[in-house]
Trainee: 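Quick one: the structure is below, questions incoming.
For this chain, numbers begin at 1 and follow the sequence in order.
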Amino acid sequence: MTTIAFLGLGAMGSRMAARLLEAGHPVTVWNRGAGRVQPLVDRGATPADSPRTAARGADIVLSMVRDDTASERVWLDPVDGALQALGEHSIAVECSTVSLPHVTALATAFGQAKRTLVDAPLAGSRPQADAGALLFFAGGPGAAVDAITPVLQPLSGAVHHTGDVGSGTTLKLLVNALFGVQLAAVAELIGFAARAGLDTNAAVAVLGSTPVCSPAAKAAAEAMLAGHWAPAFPIDLVAKDFGLIAASAASVPLADAAGGVYTAGVDRGYGADNITGVVQLYTPRAR
């Protein structure tokens, strides 16, 4: 079986690493906080005390961390970053949602080291990770993407080769922007309907039956009205991702406006709620 190192065991990374273990792969794991390591060790993983130690001897090294800063630390830290431990034929896979300038900087560092990088962020949240139904957007050499696809299969519904390094990150940011803009609009419109005296449940049912309402928007609107915002894609991460979009594009005014909505949600104390909890900004009926 392919030898794997997994760096970052948050809500998503721990689920992904667990599925790789279930598929029979030897998996070495590292996390900044040691508390998340032991449950995977109990399931057969090998613990490592640094990204560099985890990566040493691995065929494929996957990273799933929070942001640019965490990604830079796991790959490029001069003391224990994983890049310096990668073998000539190893493949590094950055699954984290990060900015395009950061991926460009990673690609430069990997190119100078003559090592292979694929940026393969994913669409989906905790339920999809549990079910092995994530969608990966993989940017990098075709041979490398072909090599990692069987390894990602236990995690994924599909692996899309999007082009060169950086294309996966760009597409992931597009997906998150489209989703976030829709849900910000839906939340605002629910508030508008409530202030206008409409029965919001009836209004959402009608909107959901029209061709202008996407399935994602319909499901989110129903969850907003039901007060369902247990975290799957927390508002603080949504706000973070819109910041990555702003850092990656010269002019995205609509995305910037939507990002401001989620930042306001964080400021109001809703950051730990699911993205659907943003409706709390617009209607007192929520919560």
Trainee: Counting distance only, does the side-chain N/O of Gln38 pair as donor-acceptor with the main-chain N or O of Gly35 below 3.5 Å?
Mentor: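 Looks like no, no N/O pair under 3.5 Å.
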Trainee: Do the side chain of Asn31 and the main chain of Val37 share a donor and acceptor less than 3.5 angstrom apart?
Mentor: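 No, Asn31 side chain to Val37 backbone: no donor-acceptor pair under 3.5 Å.
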Trainee: In Å and rounded to the nearest 0.5 Å, what is the OG1 to CG distance from Thr97 to Leu173?
Mentor: 7.0 Å
Trainee: Do Trp75 and Phe110 have ring centroids that are under 6.0 Å from one another?
Mentor: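 Yes - the distance between ring centres of Phe110 and Trp75 falls below the 6.0 Å cut-off.
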Trainee: For a quick check under 3.5 Å, do His25 and Thr3 share a side-chain donor-acceptor pair by atom type?
Mentor: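 There is no such pair between these side chains.
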Trainee: Side chain of Lys172, backbone of Leu122: donor and acceptor closer than 3.5 Å?
Mentor: yes
Trainee: Classify the side-chain pair Asp59/Thr2 by whether it contains a donor and acceptor separated by less than 3.5 Å.
Mentor: no
Trainee: Are Leu86 and Phe6 in one and the same hydrophobic cluster, where Ile, Leu, Val, Met, Phe, Trp and Tyr link if side-chain heavy atoms are under 4.5 Å apart?
Mentor: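 In one cluster with Leu86: Phe6, no.
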Trainee: Do any N or O atoms from the side chain of Arg36 and from the backbone of Ser14 form a donor-acceptor pair under 3.5 angstrom?
Mentor: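 Not a single qualifying donor-acceptor pair exists.
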Trainee: Would Glu72 and Thr69 count as having a side-chain donor-acceptor pair, cut-off 3.5 Å?
Mentor: no
Trainee: Within the distance-only criterion (no hydrogens, no angle test), does the side chain of Thr162 pair as donor or acceptor with the backbone N or O of Gly168 below 3.5 angstrom?
Mentor: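 Yes, the answer is positive, given that a donor and an acceptor are paired below the 3.5 Å cut-off.
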Trainee: Give the C-alpha distance, both sets of side-chain angles, the deciding distance and a yes or no for side chain to side chain contact (heavy atoms under 4.5 Å, CB included) between Asp49 and Trp30.
Mentor: CA-CA 7 Å; Asp49 60 5; Trp30 172 87; 5.8 Å; no
Trainee: Distance check, rounded to the nearest 0.5 Å: Leu174 atom CG versus Asn176 atom CG?
Mentor: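 Going from the CG atom of Leu174 to the CG atom of Asn176 covers 9.5 Å.
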Trainee: CD of Glu22 to CZ of Arg43: how many Å apart, nearest 0.5 Å?
Mentor: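 If I round to the nearest 0.5 Å, the distance is 5.0 Å.
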Trainee: Decide whether Met224 and Ile275 are clustered together by the hydrophobic rule: side chain heavy atoms of Ile, Leu, Val, Met, Phe, Trp, Tyr closer than 4.5 Å, transitively.
Mentor: yes
Trainee: For the pair Glu222 and Val204, evaluate side chain to side chain contact (heavy atoms under 4.5 Å, CB included) and give the outcome as yes or no after the intermediate values.
Mentor: CA-CA 7 Å; Glu222 293 168 351; Val204 162; 4.3 Å; yes
Trainee: Within a radius of less than 6.0 Å around CG of Asp267, do more than 12 heavy atoms belonging to other residues, nucleotides or ligands occur?
Mentor: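 More than 12 heavy atoms, drawn from other residues, nucleotides or ligands, come within 6.0 Å of this atom.
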Trainee: List the steps, then state whether side chain to side chain contact (heavy atoms under 4.5 Å, CB included) holds for Leu106 with Ser71.
Mentor: CA-CA 9 Å; Leu106 278 185; Ser71 174; 3.8 Å; yes
Trainee: Test Leu152 against every option in Leu134, Val145, Leu62 by the side chain to side chain contact (heavy atoms under 4.5 Å, CB included) rule and name the one that passes.
Mentor: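 Passing option: Leu62.
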Trainee: Any donor-acceptor pair under 3.5 Å linking the side chain of His228 with the backbone of Ala230?
Mentor: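 No; judged by distance alone, with no hydrogens or angles, the pair does not exist.
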Trainee: Can you tell me how far apart CG (Leu135) and CG (Leu155) are? Round to the nearest 0.5 Å.
Mentor: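 The CG atom of Leu155 is 12.0 Å from CG of Leu135, to the nearest 0.5 Å.
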Trainee: In terms of side-chain heavy atoms, does Thr53 have a donor or acceptor partner in Ser50 at a distance below 3.5 Å?
Mentor: yes
Trainee: Quick one: are Val103 and Glu94 in side-chain contact, heavy atoms under 4.5 Å?
Mentor: no
Trainee: Are any of the side-chain heavy atoms of Leu281 and Tyr270 separated by less than 4.5 Å?
Mentor: yes
